[in-house]
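What follows is one structure encoded as structure tokens, with my remarks underneath.
Below, chain A is the first sequence line, B the second, and so on; all start at residue 1. The structure presented is a predicted model; accordingly, all values stated were derived computationally and were not measured.
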Number of protein chains: 2
Amino acid sequence: MQNELIKFMSKYVDITKELEVALIESSFIKQFLKGTILLKEGQISNECFFIFNGCIRSFYFEDGEEITTALYTEEQTVTPPTYGKNVPSKLYYECLEDIIVTVGTPDLENEMYAKHPQLETLSRIVGNRIIANYQEELFDFKHSTNEQRYLRLQETRPDLFQRVPLNIIASYLGMKPESLSRIRKRLHLKTKKI
Amino acid sequence: MQNELIKFMSKYVDITKELEVALIESSFIKQFLKGTILLKEGQISNECFFIFNGCIRSFYFEDGEEITTALYTEEQTVTPPTYGKNVPSKLYYECLEDIIVTVGTPDLENEMYAKHPQLETLSRIVGNRIIANYQEELFDFKHSTNEQRYLRLQETRPDLFQRVPLNIIASYLGMKPESLSRIRKRLHLKTKKI
DNA sequence: AATTACCCTTGACTTAAGTTAAGAAAACAC
DNA sequence: GTGTTTTCTTAACTTAAGTCAAGGGTAATT
């Protein structure tokens, strides 16, 4: 199981055998059942996650309505915006499926950075990669229509449509379920006509 | 001038006197005139910037139209998504005003990280902060209307409206200049009625 | 001073999303 | 199995954004 984490990290930097052993020894693997709330609004966030298996969504309430902000699946890291900061979370984190994750905490992280400086380099590099991804996602989203957003998600994360209800996907895409339904209908008609 | 950079960094971690001196000695300060293109589409990006003064925008062409993806001003870092990667940039970076910046390169960065491990910690922490900001910006943008996006920009970066043409701001907000014009008209009418 | 280029606004029309309400369809519980 | 809840779709209506075209304003250029 830990190999997945090593594999993920190896994409970005060379992992020495020593570091690999340290990572495996220090990793806390946990399982949670579908429906588990990992973090509630108002709580302090002291945990981040790397998903081996399953799906997590983050959301908040606005006018009594759940707004889905993110959907995380295998090989993704889940770091609440308030992780390690002493401020209450605005977001809920909920397991949409049974999940298997490693759990990280600020203390554990700092301890590991002190022992293994390469890990800090790794963390910085992965961070830069994530920043570049967010930049691109934001730019793309800003300059596309709901239909293009739907099509892009189908291309980049087709699995989501097999495992997450459409109303949650609609919210994640920033539209109403009715709009998503209409878009899907339009596209089906087009493909049938061809 | 370098004090601004130190001030910026001090927000995130304690800067030792030794590091401060090293930063000041190693910093390349450059000036560019309004209209200068810092990076062109197709070029490799080997420079990042910290803005002391002025305004930079990034954009790309789509169907012959300029799409503005970002607007950077004082105390912001400008890191092209392809910075340090050996791939051609899709984006242009243009000075909307005369600017004063420090210029960073991957080589210089790595040299500094090797000499001053605290700087790597700093970089990691600032990176995490930037990630949290992008997350929030993306979530907010997804779940708001064009009018709310306009109002939020007015609150968070009112200076932009004094220094950047409205058609560029419209593009940055992901809408057409006509829409921005109508939104401003609607809002002016509302405030006058009250 | 006249010309040009650029920026901003306006109006008419088209298209799509939000809203409200209602009803299938599917999943779940008992 | 039946009943219940959740999810998904549809329709009618309202509202707002995109599109196209035109015109006014302002600053820069010659």
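- Using a 4.0 Å cut-off, no side-chain N or O of B:N167 falls inside it from OP1 or OP2 of C:dC6.
- Scanning for side chain to side chain contact (heavy atoms under 4.5 Å, CB included) contacts around B:S181 gives an empty result, with sequence neighbours left out.
- Residues passing the salt bridge (charged side-chain N to carboxylate O under 4.0 Å, His left out) test with B:E41: none are found, sequence neighbours excluded.
- Residues that satisfy the salt bridge (charged side-chain N to carboxylate O under 4.0 Å, His left out) test with A:E111, not counting sequence neighbours, are A:K115.
- Among residues two or more places apart in sequence or in another chain, the side chain to side chain donor-acceptor pair (under 3.5 Å) test is passed with B:R182 by none.
- In this structure, B:F61 belongs to a hydrophobic cluster whose other members, linked by side-chain heavy atoms under 4.5 Å apart, are B:I37, B:F59, B:Y92.
- Between the C1' atom of D:dA17 and the OH atom of B:Y150 lies a distance of 17 Å, rounded to the nearest Å.
- Five base pairs at each end of the helix from C:dC8-D:dG23 to C:dC30-D:dG1 define two local axes, and these are offset by 40° (rounded to 10°).
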Tabulate below the donor-acceptor pairs under 3.5 Å that side-chain atoms of residues 121-132 of chain B make, not counting sequence neighbours, or state none.
unit_1, atom_1, unit_2, atom_2, d
B:T121, OG1, A:E120, OE1, 3.1
B:T121, OG1, A:E120, OE2, 3.2
B:S123, OG, B:Y113, OH, 3.0
B:R124, NE, A:E120, OE2, 2.6
B:R124, NH2, A:E120, OE2, 3.1

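- For residues 154-168 of chain A, the pairs satisfying side-chain hydrogen bond (donor to acceptor under 3.5 Å, both in side chains) are A:T73-A:R157, A:E74-A:R163, A:Q76-A:R157, A:E97-A:R163, A:Y150-A:Q154, A:D159-A:R163, with sequence neighbours left out.
- Checked against side chain to side chain contact (heavy atoms under 4.5 Å, CB included), B:V87 has the following partners two or more places apart in sequence or in another chain: B:T82, B:K85.
- Annotation: cation-pi pair B:R57/B:Y93 absent, no NZ/CZ under 6.0 Å from the ring centroid and within 45° of its normal.
- Residues satisfying the side chain to side chain contact (heavy atoms under 4.5 Å, CB included) test with A:E178, not counting sequence neighbours, are A:K176.
- Rounded to an integer number of Å, the gap from CD1 of B:I169 to P of C:dT9 is 11 Å.
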Protein-to-nucleotide contact annotation, 5' to 3' order, nucleotides 16-30 of chain C [B base; S sugar-phosphate only; - none; under 4.0 Å, heavy atom]
-BBBBB---------
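- Counting to the nearest Å, the P atom of D:dA17 and the CG atom of B:L173 are 12 Å from each other.
- Between B:F52 and B:F50, the distance from one ring center to the other falls under 6.0 angstrom.
- When the P atom of D:dT9 is taken as reference, atom CG of A:L180 falls 7 Å away, rounded to whole Å.
- Taking only side-chain atoms of A:P165, from C-beta outward, the nucleotide of D:dC8, D:dA11, C:dT9 with the closest atom is D:dC8.
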A correct 5'-to-3' footprint of nucleotides 25-30 of chain D, with B, S and - meaning base, sugar-phosphate only and no protein heavy atom under 4.0 Å, is ------
